[in-house]
Amino acid sequence: MTIAALLVLGLLPALLMLHFVTSNWLPLPLWDEWTTPGDLLVDWCRGTLTFGELFRQHNESRKFFPALLYLCLAKIGGWDVRVTMALVFLSVCVIAALTHRILRQTPRATTFSALIAWVAVMFLCFSGSQFENFLWGIQIEPLFPGLALLAIIAVNTSKLPFHWRTIYNIGLALVATYTFANGMLLWALGVPLPPDSPRSSRKSLTKWYALYAACAVVSISIYFIGYVRPPHHPPFVSITAHFRELALYVVLWVGGFFRTPNVNPEMTGVVVSALFVAAITSAIVSIARKKNWRTFYPPLLISAYACITATV
């Protein structure tokens, strides 16, 4: 009975978000959607679309795979941004499902403890503060690298042979790179883990690692061919000269996720950030003492992705 109640409680925010989205969505492109995929679809309809244009830069990103998705969707049912809004919702559902898998595989986790944590994840994934993002179909692009990272964790913690781990991780990192700019971080974070009891020889592992590294170098190198820094973007700031402002920005951004009319985002951001630092410190201490790094591999990888993305 308790398990069923937790399942219902966890599904509640997703069902509410689904209701809010389908009650408010409109088939009207918003902001950047007029450029991507708007310009792309105009060229396609005119018959002037070239293969090179699929790689053209939008802000910092080269959105080759989203471009293919938009063209396929337009071919099937025309340009209706509500379809990509539905994909955004489904992507968050997949993120929640992959997170539950990670929680369930945590050593000493029980069905009850994993569900408790999963309920908290569901309220974060489908938080009311994210309502606007669910109504913007193009948000499937910044969502995908995070989804791909969770998929990489699932691959690296599975019983798949090492060569299949390498192939899957190459595919996920490649698609993420050419979906949204920070997707290229997955080449560094998604390095395939060798199995606990390696069946492959050292020579075989070296060969597959070399292939992974070569794909990463080629993928990232091609990305920057003809790359132009967006002229409307502000210059980089000095971390030493503006550390206080940068720290306050991060704190407010974190606290803003939990914002309500009665909650101070700065105070909330400080508390959440402090808990995050305490948890990471505890994990590092445990790894140093017990050498149990695989236990903390999933949360540390997710944390690294979040922190590096924020820093960039």
Side-chain angles (χ1 to χ4, degrees), residues 31-32 58-63 88 91-92 95-96 98-99 102 120-121 123-134 136 138-153 172-173 175-191 216 220 223-224 227 229-230 232-259 263-284 296-312:
W31 291 347
D32 289 19
H58 181 167
N59 291 331
E60 305 94 339
S61 302
R62 296 192 184 275
K63 304 180 178 183
V88 168
S91 297
V92 178
I95 287 173
L98 289 172
T99 305
I102 292 171
V121 168
F123 273 88
L124 290 175
C125 285
F126 297 96
S127 166
S129 65
Q130 300 302 305
F131 179 47
E132 185 177 348
N133 287 326
F134 280 93
W136 196 11
I138 203 173
Q139 289 297 83
I140 192 173
E141 297 167 7
L143 273 174
F144 183 80
L147 190 158
L149 180 73
L150 294 175
I152 284 173
I153 292 173
L172 288 165
V175 175
T177 298
Y178 288 92
T179 294
F180 205 68
N182 71 327
M184 66 180 70
L185 293 177
L186 269 62
W187 289 109
L189 299 176
V191 175
I220 295 174
Y223 188 96
F224 286 102
Y227 178 88
R229 185 175 180 279
H232 60 281
H233 282 199
F236 285 106
V237 299
S238 168
I239 293 180
T240 54
H242 299 278
F243 178 79
R244 183 179 178 279
E245 292 90 338
L246 285 170
L248 180 60
Y249 170 79
V250 173
V251 164
L252 288 173
W253 190 90
V254 172
F257 193 87
F258 304 92
R259 68 182 182 271
V263 172
N264 184 322
E266 185 173 354
M267 182 59 66
T268 306
V270 169
V271 172
V272 173
S273 299
L275 290 173
F276 175 77
V277 172
I280 295 297
T281 303
S282 176
I284 293 173
F296 296 97
Y297 168 74
L300 286 179
L301 203 65
I302 296 170
S303 300
Y305 170 78
C307 290
I308 297 172
T309 296
T311 302
V312 172

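The figures here come from the full heavy-atom set of this structure, side chains too, leaving out hydrogens, waters and symmetry mates. Please read these numbers as outputs of a predicted model, since none were measured by experiment.
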| said: For R244, I'd like to know if atom CZ has over 12 heavy atoms of other residues, nucleotides or ligands within 6.0 Å. | reply: no
| Checking side-chain contact (heavy atoms from CB on, under 4.5 Å) for the pair F134/V92: CA distance, chi angles, key distance, verdict? | CA-CA 9 Å; F134 280 93; V92 178; 3.8 Å; yes
| Non-hydrogen side-chain atoms of V88 and W136 separated by less than 4.5 Å | no
| field | Spacing of CG belonging to N133 relative to CD1 belonging to I140, to within rounding of 0.5 Å | value | 13.0 Å
| request: Give a yes or no on this: more than 12 heavy atoms of other residues, nucleotides or ligands lie within 6.0 Å of atom CD of E132. | output: no
| request: Please name all residues satisfying ring-ring contact (aromatic ring centres under 6.0 Å, His included) with Y178, sequence neighbours left out, ordered by chain then number. | output: F55, Y223
| message | Are the side chains of R62 and T177 in contact, using a 4.5 Å heavy-atom criterion? | response | no
| query | Within a reach of under 6.0 Å around CZ of F276, are more than 12 heavy atoms found that belong to other residues, nucleotides or ligands? | reply | yes
| Minimum side-chain heavy-atom gap I302-L150 below 4.5 Å | yes
| message | Please find the pair of heavy atoms, one from A151 and one from L172, that lie closest to each other, and give the distance. | response | CB-CD1, 3.8 Å
| task | Can you see which heavy atom on P145 is nearest to which on N182, and at what distance? | result | CG-OD1, 3.7 Å
| field | Heavy-atom pair with the smallest gap, counting every atom of V251 and E266 | value | CG1-O, 3.4 Å
| note | Distance col, row L189:CG vs Y305:OH, nearest 0.5 angstrom, shows 9.0 Å
| said: Please report the interatomic distance CD1(I138) to NZ(K63), rounded to the nearest 0.5 Å. | reply: 4.0 Å
| With sequence neighbours left out, what residues match T268 under side-chain contact (heavy atoms from CB on, under 4.5 Å)? | F258, V263, V272
| Would the number of heavy atoms belonging to other residues, nucleotides or ligands and lying under 6.0 Å from CZ of F243 be above 12? | no
| request: Output yes when a side-chain donor or acceptor of T99 lies under 3.5 Å from a complementary backbone atom of I95, and no otherwise. | output: yes
| request: With the side chain counted from C-beta on, respond yes when I102 and I153 share a heavy-atom pair under 4.5 Å apart, and no when they do not. | output: yes
| So, the side chain of N59 versus the backbone of S61: is there a donor-acceptor pair under 3.5 Å, distance only? | no
| Approximate separation, where rounding is to 0.5 Å, of L300 CG and C307 SG | 10.0 Å
| Residue list, side chain to side chain donor-acceptor pair (under 3.5 Å) with S129, at least two apart or on another chain | S127
| task | Mind listing the closest non-hydrogen atom pair of A283 and F296 along with its distance? | result | CB-CD2, 3.5 Å
| Least distance between heavy atoms, S303 atom then I280 atom | OG-CD1, 3.5 Å
| said: Once rounded to the nearest 0.5 Å, what's the spacing between atom CG of L147 and atom CG of L98? | reply: 6.0 Å
| message | Testing the basics here: between E141 and F180, what is the closest heavy-atom pair and its distance to 0.1 Å? | response | O-CB, 3.6 Å
